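Scroll down for the structure; my scribbles are underneath it.
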Amino acid sequence: MELKLDTPIRYVPGVGPVMAGRLDTLGIRTVKDLLFYPPFRYDDFSLISPIARVQPGETVTVGGEITAFRNAFTKSGKKLQQAQLTDETGSIDVIWFNQPFLVRTLPVGTQARLAGKIDWFGHKIVMTSPVYEKTEGSHTSMDGSMRSFSISQTESLHTSRLVPIYPETVGVTSKWLRGRIAFILEQCITQLFEYLPDSILSTYRLMAIQKSIEQIHYPTDTTTAAAARHRLAFDEFLFLVLTALEQKRIWETTQQADSILLPSEELVSFISSLAFQLTGDQKQTVAEILNDLAKPFPMNRLLEGDVGSGKTVVAAIAMYATFRRGYQSVLMAPTQILAEQHYNTISQLFKPLGVGVGLVVSKRGLDSRRSLPRTPLRGGNDKEEKFDILVGTHALLSESINFDNVGLIVIDEQQRFGVNQRLLIREKAQTAKTPHLLTMTATPIPRTVALTVYGNLSLSVLHQMPIGRKRVKTWVVPKEKREAAYSWIKKQLKGNHGQTFIICPLIEESETLQTVKAATKEYDTLKKQIFPDLHLALLHGRMKAAEKTKALDTFRSGKVDILVTTPVVEVGIDIPNATIMLIEAADRFGLSQLHQLRGRVGRGVLDSYCLLFTESEDDATIKRLKALETIHNGPELAEVDLKLRGPGELFGTKQHGVPILKFASFRDTGLIREVQSAAGEIFKSDPTLSHFPLLREKLKRDTIVQVSQD
Ligand code: ADP
Ligand code: MG
C-alpha cells in the first residue's frame, strides 16, 4: 500500500501491531507523527578516522572488517564481547558489555562501521560499546553512494554523521526509530507541502519545511540542525498564535452580547461604599472590565492575580454593574467551601442594596444550609425563587437550576474546572445572546505563555497587593526541629490568639481515601499527643458538606485553634485571624502551590508564619523549598519552578490547556516575539487567511490543541 502522511503507523513496513502499540505510548500514531518526532540530541560521529590514527578520548567512526569476535567474562563475572576491526591502516580492539547476541550479528568477516568513544583499557586502546552498522552489499564505501532521498548524505544512519537520539520507550530504541524514519522520509517527504508564504519564509529566514524535517533527523551539521529546529519551533508557536487570533476574531464577529453600561457616578458611589480603597491595579482592571462590558460582543477576559491580591471585589463590581442594568450574574467556584465564602462576601456587600443573592451547591450541601439567611435555589418542582446573583459550585450546571437573563458569568480559580464545565456553564446561560465572561486565576502565567496560548483572551493582571498586607515569615523546618516547632506554635497560639492551619501531606493529586485516612490519623495524634490543651478540628474533602461547613465555621469563629486539613484549603479560603500555616511533607508540592497555601495566612493584622516541614535531606530539595523563605511573590516563584521543574509542573499543563511543545520552548522569548510579529503581519493583512490557502488548510486540519477557555 502507498504510504500517506496520515497512514496509521502500523502499516509502515517493519512496524506492525506490536510496535505500533509501543509507538502509541510515545504519541506516534501516524506516519506524520513519526516524521515530526523530534530527536532530543545528536551523537556526533561525524569524525571518520583511519584506524591507525584514532586517539584515546576521541569519539569517532571507523570502518572495516570484523577480524575477531569472542564472548568472554569480566573479572566480576559479567558477559563481555571482545572483537577486532581492521582496515587498510590497522586494527583496533572493540568491546561491548552484556550483548552476547552480537557474535551472531557481527560474525568475523562482516563489513561494518563502528562509532563510539576511544578509551584506554589497561595498556591498550579500545573502542567501548560502539554503535554499529553493517556495510555489506552495494553501499560499502565510507563516503557512500547516495540514497534516492536527499537527507542522508551517505547511506549511514547510525555512524559517521550526526546521529539523532530520540526519546525511547520499552522495545523502541533510537536505532530502530532511525531506520523507520529514514524509510518514511524516503517514501513520504515529498508529500509535505510548504504552507508558509514566501514572504514570511524570507523575512524570518526560515528553512523550507521538507528540508527542516530532513535536517531535524539527519542534519548535515549542527548549524543546519539548529536551523531546522528553529523553523519547526517557529511553526509550533505560529499555529498557537494564529489559532488564538482566529478564535478571537470568530468570537468577536459571531457572538453578540448585551452591552452593559453604567453611568460612572453610580459606580463611583458603589466603589466608595466599600470598606477599603481599591489598589491601583484593581482600579485599572475594573476599568478594563467595564470597557469590555460596554461592547456589543461578549467579554472574554482572564483576571490573573496572586493569592490575596483582591480578585473577588473586582468581580463583585462587574456584577454590580450587571445587576444595575437588569441582568443576572453567575459566579462559579471550584469547591463548596469557596462557594459559601463567596456567597457570604457577596451577600454582605449587596444585601443592603436589595440585591438577591442565592447559593447553589450540591444536593447534599443543600440540606445542610438551613442556617443560611436565605434558602438557596430549590430544584425540581418547587417554585423557584429569583436571584440577581447566583453563587455556587459546579452544581450550578445541574438541570434543575434555571438561569434567567444572564449578563455575566464569573469563573473563579478557572484552572480547577475542565474545559467542558467552562463551556457548559456558558451554553446553559445562553439566552438570545452570549453572556460576558470573566475568569480568574491565581496561577501566574508567564508572559510568553499568555502571548501564545491565551492570545484569544484579554488579560488583566493584579500585581499589587492591598496595602497593609504583611509578609508571611517562612521557615523550612527539618526533622530534628519538629518538636521545637510544635512548642513554638503552642506559645504563639497562647500569646497572640492567632490560629493555625496544619496541612497534611499531599498523597495524590485528587483527594483519595488514603489521603483522608492519613489526615484523620494525623488529627488524632496531634490532638492527643501534641496539642492536648488546644482545640482542634478536622477538615477533608470526604466529609459531609454539613460537617465541612461546621468545621470551617467554628474555625472562623475562633472556637478552634488548629484546623487539620488536607490540601483542599489551598483554594481561596479567607480567614483573617489565621496566622500560622504548617505544611507537612512540603517537598511534595510545587513552589507555586506552597505559595498558594501560604497565602491563606497573613490576611489580618497579626504577624503570620509559614512552616514548611520536610523529612527530606536532599540538598536540592531543601534549596528549592528555601526559595520560599526569601521570595514572596507568586510570579517570581513560578519562574523558579519553571527553571527547576519545567512547565508541566507549573501549570498542571492539562488543566490549563497549555500544550506540550515538541520543538519550541516557552523559555524562548526571542522566538515568541518574532512569531508574534509574523502572525500580526499575516493576520492584519488578511484575517481570514484567504490569500494563504495552504496555511489556512493546515491550521484547520491540525488544530493543535484546544486552546485554553473554549
Ligand atoms: P484573591 O485574589 O486571592 O481571591 P480575595 O479577593 O479573597 O483575594 O481578597 C483577599 C482579602 O483582601 C479579602 O479579605 C478582601 O476583602 C481584601 N481586599 C481586597 N481588596 C482590598 C483592598 N484594596 N484593600 C484592602 N483589602 C482588600
Ligand atoms: Mg479568590
Side-chain angles (χ1 to χ4, degrees), residues 39 41-72 80-97 99-121 124-166 173-183 185-186 214-215 217-222 224-225:
R41 68 179 172 85
Y42 303 93
D43 274 342
D44 188 352
F45 295 141
S46 55
L47 178 64
I48 302 169
S49 175
I51 289 176
R53 301 259 290 274
V54 301
Q55 300 292 329
E58 270 178 349
T59 298
V60 292
T61 298
V62 289
E65 184 178 322
I66 302 281
T67 42
F69 205 119
R70 67 183 195 105
N71 277 321
L80 174 74
Q81 287 68 51
Q82 295 179 320
Q84 189 183 49
L85 186 79
T86 305
D87 70 3
E88 313 77 78
T89 68
S91 296
I92 185 164
D93 288 339
V94 182
I95 53 173
W96 285 274
F97 298 96
Q99 299 191 47
F101 56 88
L102 281 182
V103 74
R104 264 166 285 127
T105 324
L106 298 171
V108 170
T110 311
Q111 296 292 324
R113 270 196 300 266
L114 306 179
K117 189 134 186 259
I118 307 296
D119 282 321
W120 286 109
F121 195 74
K124 273 171 44 183
I125 282 178
V126 297
M127 188 172 223
T128 41
S129 305
V131 291
Y132 58 89
E133 183 159 39
K134 290 202 237 183
T135 50
E136 236 88 308
S138 53
H139 312 289
T140 48
S141 68
M142 286 292 281
D143 46 325
S145 40
M146 294 287 191
R147 287 199 178 204
S148 59
F149 62 107
S150 59
I151 27 142
S152 188
Q153 308 300 326
T154 74
E155 80 279 16
S156 64
L157 299 179
H158 313 296
T159 61
S160 31
R161 56 171 314 126
L162 287 177
V163 174
I165 310 294
Y166 300 94
T173 61
S174 286
K175 188 165 187 178
W176 185 87
L177 285 165
R178 288 196 284 269
R180 290 309 87 204
I181 288 172
F183 179 79
L185 275 171
E186 189 169 16
E214 290 169 357
Q215 287 290 323
H217 295 296
Y218 291 105
T220 317
D221 52 46
T222 49
T224 55

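Only this structure's heavy atoms are used, side chains among them; waters, hydrogens and symmetry mates stay out. Keep in mind the model is a prediction, meaning the values are calculated, not measured.
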Separation between [atom1] of [X] and [atom2] of [Y], rounded to the nearest 0.5 Å:
| X | Y | atom1 | atom2 | value |
| --- | --- | --- | --- | --- |
| Asp43 | Ile165 | CG | CD1 | 4.0 Å |
| Lys175 | Tyr166 | NZ | OH | 14.0 Å |
| Arg113 | Tyr132 | CZ | OH | 14.0 Å |
| Thr220 | Glu214 | OG1 | CD | 9.0 Å |
| Leu114 | His158 | CG | NE2 | 12.5 Å |
| Leu157 | His217 | CG | NE2 | 12.0 Å |

*Can you check side-chain contact (heavy atoms from CB on, under 4.5 Å) on Val60 and Arg53, steps first, answer last?*
CA-CA 10 Å; Val60 292; Arg53 301 259 290 274; over 6 Å; no
Looking only at heavy atoms, what is the nearest atom pair of [X] and [Y], with distance?
| X | Y | answer |
| --- | --- | --- |
| Ser160 | Thr61 | N-OG1, 2.8 Å |
| Leu106 | Ala112 | CD2-CB, 4.3 Å |
| Pro107 | Ile66 | O-CB, 3.9 Å |
| Pro164 | Tyr42 | CA-CD2, 3.6 Å |

*asked:* Checking Phe69 now: which residues fulfil ring-ring contact (aromatic ring centres under 6.0 Å, His included) with it, not counting sequence neighbours?
replied: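 By the ring-ring contact (aromatic ring centres under 6.0 Å, His included) rule, Phe69 matches Trp96.
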_Side chains of Asp93 and Phe121 in contact at under 4.5 Å (non-hydrogen atoms)_ =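 Not touching, per the 4.5 Å side-chain cut-off.
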_In the structure I gave you, are the side-chain heavy atoms of Val126 and Gln82 within less than 4.5 Å of one another anywhere?_
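Not touching, per the 4.5 Å side-chain cut-off.
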*Does atom CZ of Arg41 have more than 12 heavy-atom neighbours from other groups under 6.0 Å away?*
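Yes, CZ of Arg41 has more than 12 neighbouring heavy atoms, counting only those of other groups under 6.0 Å.
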*Would you please say whether a donor-acceptor pair under 3.5 Å links the side chains of Glu133 and Ser156?*
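No, Ser156 and Glu133 have no side-chain donor paired with an acceptor closer than 3.5 Å.
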Applying side chain to side chain donor-acceptor pair (under 3.5 Å), can you list everything that pairs with [X], at least two apart in sequence or on another chain?
| X | value |
| --- | --- |
| Thr173 | none |
| Glu58 | none |
| Thr224 | Gln215, Asp221 |

_Asp119: partners by salt bridge (Lys or Arg N to Asp or Glu O under 4.0 Å), with sequence neighbours left out_ =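 For Asp119 there are no salt bridge (Lys or Arg N to Asp or Glu O under 4.0 Å) partners, ignoring immediate neighbours.
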*State which residues pass salt bridge (Lys or Arg N to Asp or Glu O under 4.0 Å) with Asp87; sequence neighbours excluded, sorted by chain then number.*
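Asp87: no salt bridge (Lys or Arg N to Asp or Glu O under 4.0 Å) contacts found.
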_With side-chain contact (heavy atoms from CB on, under 4.5 Å) as the test, pick out the partner of Val62 among Leu47, Ile118, Val54, Thr159._
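When Leu47, Ile118, Val54, Thr159 are each tested with Val62, the side-chain contact (heavy atoms from CB on, under 4.5 Å) holds only for Val54.
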*Yes or no on side-chain contact (heavy atoms from CB on, under 4.5 Å) for Lys134 and Thr105, after CA distance, side-chain angles and deciding distance?*
CA-CA 9 Å; Lys134 290 202 237 183; Thr105 324; 4.2 Å; yes
*Under the side-chain contact (heavy atoms from CB on, under 4.5 Å) criterion, do Phe45 and Leu162 qualify, and how do the steps go?*
CA-CA 6 Å; Phe45 295 141; Leu162 287 177; over 6 Å; no
*Can any side-chain N or O of Gln84 pair as donor or acceptor with the backbone N or O of Ala68 at less than 3.5 Å?*
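Not a single qualifying donor-acceptor pair exists.
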*Does the ring of Phe183 carry Arg180 above it, NZ/CZ under 6.0 angstrom from centre and within 45° of its axis?*
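Yes, Arg180 and Phe183 form such a contact.
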